[in-house]
*Asks:* 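I'd like to ask you about the structure that follows.
First listed ligand is number 1; within each ligand, the first listed atom is number 1. These numbers were taken from a predicted model, which means no experiment stands behind them.
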Amino acid sequence: MTGQAISPELREWIVTQLAAGHSIPSLQASMRDAGWHADVAQKALAEFEPAPATTSPPEVATPARTAMPGPDLSNAPLYIDAGDRRVQVLQTMIHPRVVVFGDLLSEEECEGLILGARQRLARSLTVETKTGGEALNVDRTSDGMFFERGENPIVARVEQRIATLLRWPLEFGEGLQVLRYSPGAQYRPHYDYFDPAEPGTPTILRRGGQRVATLVMYLQEPEQGGATTFPDVGLEVAPRRGTGVFFSYDRPDPATRTLHGGAPVLLGEKWVATKWLREREFT
Ligand code: PD2
Ligand code: ZN
């Protein structure tokens with residue numbers, strides 16, 4: 001024990017010196033010169049050392065959304081009341097979140113959507129994230145068109161059913177897209193969310209934010225081929241007429257494991273209607 005105490009007067013002197021712009025090492029030297037023991041000086045000055053700088057946290061990936069579209073599966077139901085129709089739950093997966101629905105659309109609804117779309121088919125355009133516009137896409141060799149939201153009574157009825165089933169406002173959905181795949185046509189594996197790294201993405205996001213979920217509904221089944229595939233998890237959904245495959249992605253990131261594609265149609269024609277759901281109202 002040195003017998004030298006850290007008194008209130010000493011503390012006050014340190015505060016005054018620091019306020020005058022002197023550094024802690026220089027105060028340590030002054031104290032030593034004035035006869036203070038080095039360990040006492042160090043202990044007294046340690047009280048006034050700035051807290052060590054905390055290292056900034058590592059950069060984190062896009063945070064996951066919390067509110068997401070999806071059916072209520074809390075009681076492991078075999079059927080879900082989607083308002084005007086009792087829809088079957090055929091298969092579910094947690095990661096990625098995938099739900100296959102049976103009896104989602106009636107034969108008449110499938111026919112009606114095909115009839116309304118057929119005259120308006122054009123070689124499919126996909127939203128071109130490099131520019132924010134649309135472009136012919138070699139990765140998709142189907143023909144396609146978009147309905148306006150609520151464009152005709154069948155479209156409006158199906159959209160309301162989807163909103164009820166997936167518990168997501170109708171207004172947050174894009175217009176239904178219809179695709180026709182002839183033999184050989186396919187949709188190579190892709191993500192449906194907009195790539196945040198692409199320069200055109202901010203423009204696209206102005207209309208309702210990111211896509212957060214997809215529902216692909218099969219309107220006409222081919223004789224062979226045409227499954228919707230999820231290569232990351234080895235899942236293939238058979239394109240049975242009237243059924244639909246739903247999947248959601250809580251961030252625009254491959255970690256969602258929602259890479260998916262339309263396998264080549266081998267025989268016959270495959271028709272689908274796709275509903276994409278956005279974070280907010282799609283205008
Ligand atoms: O038609 C399909 O199976 C399919 C596959 C992948 C449709 C889509 N994506 C889509 O419409 O995004
Ligand atoms: Zn897709």
*Asks:* Using the ring-ring contact (aromatic ring centres under 6.0 Å, His included) rule, pick out the option among Tyr191, Trp276, Phe230 that qualifies with Phe247.
*Replies:* Phe230
*Asks:* Any salt bridge between Glu151 and Arg120, counting N to O under 4.0 Å?
*Replies:* yes
*Asks:* Thr228 and Tyr187: side-chain hydrogen bond (donor to acceptor under 3.5 Å, both in side chains), yes or no, with the steps?
*Replies:* CA-CA 9 Å; Thr228 302; Tyr187 197 170; over 6 Å; no
*Asks:* For atom CG of Leu267, is the number of surrounding heavy atoms from other residues, nucleotides or ligands below 6.0 Å larger than 12?
*Replies:* yes
*Asks:* Hey, is Glu159 close enough to Arg149 for a salt bridge, meaning N to O under 4.0 Å?
*Replies:* no
*Asks:* Could you note down all residue pairs passing salt bridge (Lys or Arg N to Asp or Glu O under 4.0 Å) where residues 237-250 supplies at least one of them, sequence neighbours left out?
*Replies:* Glu107-Arg241, Glu111-Arg241, Glu221-Arg240
*Asks:* Ion pair present between Arg161 and Asp84, side-chain N to carboxylate O less than 4.0 angstrom?
*Replies:* yes
*Asks:* The Zn ion (ligand 2): which protein N, O or S atoms are under 2.8 Å away?
*Replies:* His190 NE2, Asp192 OD1, His260 NE2
*Asks:* Identify whether the distance between the nearest side-chain nitrogen and carboxylate oxygen of Arg207 and Glu174 falls below 4.0 Å.
*Replies:* no
*Asks:* With sequence neighbours left out, what residues match Ser182 under side chain to side chain contact (heavy atoms under 4.5 Å, CB included)?
*Replies:* Arg180, Glu269
*Asks:* Using a 3.5 Å cut-off on N/O to N/O, what pairs does ligand 1 make with the protein? A line per pair would be great.
*Replies:*
from: ligand 1; atom 1: 1 (O); to: Tyr181; atom 2: OH; distance (Å): 2.6
from: ligand 1; atom 1: 1 (O); to: Lys270; atom 2: NZ; distance (Å): 3.1
from: ligand 1; atom 1: 3 (O); to: Thr228; atom 2: OG1; distance (Å): 2.6
from: ligand 1; atom 1: 3 (O); to: Lys270; atom 2: NZ; distance (Å): 2.8
from: ligand 1; atom 1: 9 (N); to: His190; atom 2: NE2; distance (Å): 3.2
from: ligand 1; atom 1: 9 (N); to: His260; atom 2: NE2; distance (Å): 3.2
from: ligand 1; atom 1: 11 (O); to: Thr274; atom 2: OG1; distance (Å): 2.9
from: ligand 1; atom 1: 12 (O); to: Asp192; atom 2: OD1; distance (Å): 3.3
from: ligand 1; atom 1: 12 (O); to: Asp192; atom 2: OD2; distance (Å): 3.3

